[in-house]
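Here is the structure we will look at.
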Amino acid sequence: MNKFAFVDCVTVDEALGQLGEGATIKAGGIDLIDLMKDEIVSPSKLVNIRNVDSLRGITVTQDGLRLGPLSTLSEIAAHAQIQKTYTALSDAAGHAATPQVRNMATLGGNIMQRPRCWYFRSTDFDCKKKSGASDDCHAHTGENQYHAIINNDVCAMVHPSSTAVPLLAMNAQVELTSKRGKRTVAMTDFYVPPEKSLTNETIVQPGEIITAVFVPTPDPGTRSAYQKYGEKESFDWPLADAGVVLVMDGNQCRKASIVLGVAAPTPIRSAAAEAVLTGKTIDEATARAAAAAAMQSATPLSQNGFKTQLFQTAIYRTVLLAAGQMQRDPSAIG
Ligand SMILES: Cc1cc2nc3c(=O)[nH]c(=O)nc-3n(C[C@H](O)[C@H](O)[C@H](O)COP(=O)(O)OP(=O)(O)OC[C@H]3O[C@@H](n4cnc5c(N)ncnc54)[C@H](O)[C@@H]3O)c2cc1C
């Protein structure tokens with residue numbers, strides 16, 4: 001690991017003043033310190049925002065839910081109003097990583113964590129995403145069992161943020177603050193796919209801090225759920241995860257929002273699956289049809305074809321869970 005300066009800030013203005021060439025924001029530090037130890041990133045200065053009180057707190061108003069970016073995954077998972085009204089978000093926060101990680105990991109850091117790809121995260125491999133010197137995506141020809149099955153032709157990394165899945169499904173917005181002021185970005189525009197940029201994974205620009213995440217109040221009749229599947233029972237990143245938000249009228253679905261987590265380089269909504277459910281009665285047949293529709297655009301690599309089946313299971317069981325027709329799947333992990 002390189003030598004670096006460490007600056008402790010207690011206000012957003014102080015933190016903004018410290019950002020600049022070579023500086024990186026540190027929240028919980030879980031992903032950042034891993035990347036530094038592996039020498040994938042080498043910032044010359046860490047700007048510690050963990051003591052900025054204005055970035056904490058969870059408030060629920062008539063308009064919706066406002067989350068400080070320093071809210072930990074544990075705090076989000078344990079919040080009674082989030083459990084009741086934004087169930088998929090508490091499910092996702094409560095089933096990410098380990099209890100120890102969830103106590104330290106912040107929402108801002110969770111949606112900003114870097115993608116998972118063992119070639120990207122190893123100094124033994126260069127790739128077009130890292131330095132641009134090599135034109136290769138090693139996952140295309142190498143070990144690709146954990147990689148993307150959708151939108152994987154440029155780069156097959158996956159974005160592992162569990163909380164991004166329900167935030168995208170719930171039309172959340174992210175507030176960014178810089179010295180120039182504030183701007184608000186919809187989660188739908190937050191992640192930048194590799195075909196648009198190989199270096200910018202999100203729209204967050206240097207010098208910007210996430211200062212809030214806002215989730216609008218759901219329509220009446222909304223129910224939601226999130227489930228994650230993986231190799232180990234816990235302590236693991238997902239191999240497939242699904243977030244489902246349904247606006248229901250009895251058993252009839254008026255509106256559906258279905259988001260897949262680690263299917264593609266960014267979390268993605270499945271318009272095809274949503275179209276299958278909209279206006280229909282939710283039952284096992286429609287849930288399975290939606291799951292199949294979501295995988296129509298899959299282009300699995302040599303070793304990850306199993307993920308298309310796993311995603312179908314994740315989607316259909318999470319649709320039924322959200323609709324109140326199935327219990328939480330005991331084979332879901334976390
Ligand atoms: C064993 C294990 C299992 C895991 N499983 C999962 C899982 O299932 N699901 C999941 O989602 N994650 C999982 N993780 C990852 C973990 O949840 C993330 O590393 C963590 O959420 C990062 O949050 P942090 O606060 O520590 O971020 P940091 O490491 O401090 O920061 C991460 C990135 O975000 C940037 N950043 C942080 N806060 C802000 C802000 N307010 N504004 C702008 N930029 C900011 C930092 O500059 C950095 O680039 C796992 C981790 C481990 C170790």
Side-chain angles (χ1 to χ4, degrees), residues 4 6-7 9 12 15-16 18-19 22-38 40-43 45-52 54-56 67-77 89 91-116 121 146 158-168 174-178 182-183 185 190-191 199-213 226-241 243 261-262 267 332-334:
F4 56 88
F6 188 93
V7 187
C9 299
V12 170
L16 290 173
Q18 290 293 339
L19 291 175
T24 298
I25 296 167
K26 186 205 80 67
I30 291 164
D31 194 40
L32 180 62
I33 305 301
D34 264 2
L35 289 159
M36 289 173 70
K37 285 194 280 194
D38 290 341
I40 304 302
V41 299
S42 306
K45 177 162 69 174
L46 296 195
V47 179
N48 183 30
I49 59 167
R50 265 187 82 80
N51 300 315
V52 179
S54 66
L55 298 179
R56 295 189 183 284
L67 299 145
L70 289 182
S71 307
T72 64
L73 301 188
S74 299
E75 286 165 353
I76 294 168
L89 180 59
D91 280 354
H95 291 92
T98 68
Q100 294 89 337
V101 170
R102 293 196 290 269
N103 286 340
M104 196 68 181
T106 67
L107 181 65
N110 187 262
I111 62 176
M112 287 293 289
Q113 63 181 299
R114 305 294 305 276
R116 306 297 313 175
R121 285 182 177 254
Y146 297 162
V158 290
H159 201 284
S161 169
S162 296
T163 59
V165 172
L167 289 176
L168 180 54
V174 181
E175 179 190 88
L176 298 168
T177 302
S178 70
K182 287 185 193 296
R183 63 180 178 131
V185 178
F190 187 77
Y191 291 105
T199 44
N200 296 334
E201 289 138 18
T202 68
I203 45 75
V204 180
Q205 297 296 312
E208 285 187 313
I209 299 179
I210 297 172
T211 42
V213 174
Y226 165 93
Q227 294 190 107
K228 159 186 163 188
Y229 293 77
E231 274 185 347
K232 292 188 265 179
E233 201 174 314
S234 63
F235 294 25
D236 209 359
W237 279 270
L239 284 176
D241 57 344
V262 287
I333 66 162

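As the structure lists them, so they are numbered: ligands from 1, and atoms in each ligand from 1. Atoms considered below: every heavy atom in the structure, side chains included; atoms not considered: hydrogens, waters and symmetry mates.
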Where is the nearest protein heavy atom to [atom]: which residue, which atom, and how far?
atom	answer
atom 20 (C) of ligand 1	A105 CB, 3.5 Å
atom 46 (C) of ligand 1	I25 O, 3.1 Å
atom 26 (O) of ligand 1	I30 N, 2.8 Å
atom 34 (O) of ligand 1	M112 CB, 3.0 Å
atom 32 (C) of ligand 1	G109 O, 3.8 Å
atom 24 (P) of ligand 1	G28 N, 3.6 Å
atom 13 (C) of ligand 1	W237 NE1, 3.4 Å
atom 25 (O) of ligand 1	T106 OG1, 2.7 Å

May I ask which of [options] has a heavy atom nearer to [atom] than the others do?
atom	options	result
atom 38 (N) of ligand 1	A27, A15, S161	A27
atom 11 (O) of ligand 1	S162, A97, G29	S162
atom 15 (C) of ligand 1	R50, Q113, H159, K232	Q113

Say whether [X] and ligand 1 are in contact under the criterion: heavy-atom distance to a ligand atom below 4.0 Å.
X	result
I49	yes
I209	yes
K228	yes
D236	yes

Does [X] reach the main-chain N or O of [Y] with its side chain, forming a donor-acceptor pair under 3.5 Å?
X	Y	value
D38	I40	no
K26	L32	no
K228	D236	yes
R121	P115	yes
Y191	A164	no
R102	A96	yes

Between T72 and N103, does any side-chain donor sit less than 3.5 Å from a side-chain acceptor?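 Result is no, nothing qualifies.
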Between S161 and Q113, do the side chains contain a donor N or O and an acceptor N or O under 3.5 Å apart? no
Run the numbers for me: atoms of ligand 1, each under 4.0 Å from some heavy atom of [X], listed by number.
X	result
L32	29 (O)
P238	8 (O)
D31	19 (O), 29 (O)

Pairwise distance CD1(I33) to CG(L46) - rounded to 0.5 angstrom: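 Here the rounded value is 5.5 Å.
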Between R114 and D34, does any side-chain N to carboxylate O distance fall below 4.0 Å? no
For the pair R183 and E208, find out whether any cationic side-chain nitrogen is under 4.0 Å from an anionic carboxylate oxygen. yes
Quick one: which of L167, D241, V262 gives a side-chain contact (heavy atoms from CB on, under 4.5 Å) with S162?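 For S162, the side-chain contact (heavy atoms from CB on, under 4.5 Å) check succeeds only for D241.
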Is P160 in polar range of ligand 1, meaning some N or O pair under 3.5 Å apart?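 Among all N and O atoms of P160, at least one is under 3.5 Å from an N or O of ligand 1.
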N110 to ligand 1: N or O pair under 3.5 Å? yes
Of the non-hydrogen atoms in A93 and I76, which two are nearest, and what is the gap between them?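 Closest approach of A93 to I76, heavy atoms only: CB-CG2, 3.8 Å.
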For ligand 1, indicate whether the residue T24 contacts it via side chain, backbone, both or neither (heavy-atom separation under 4.0 Å).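 Side chain only.
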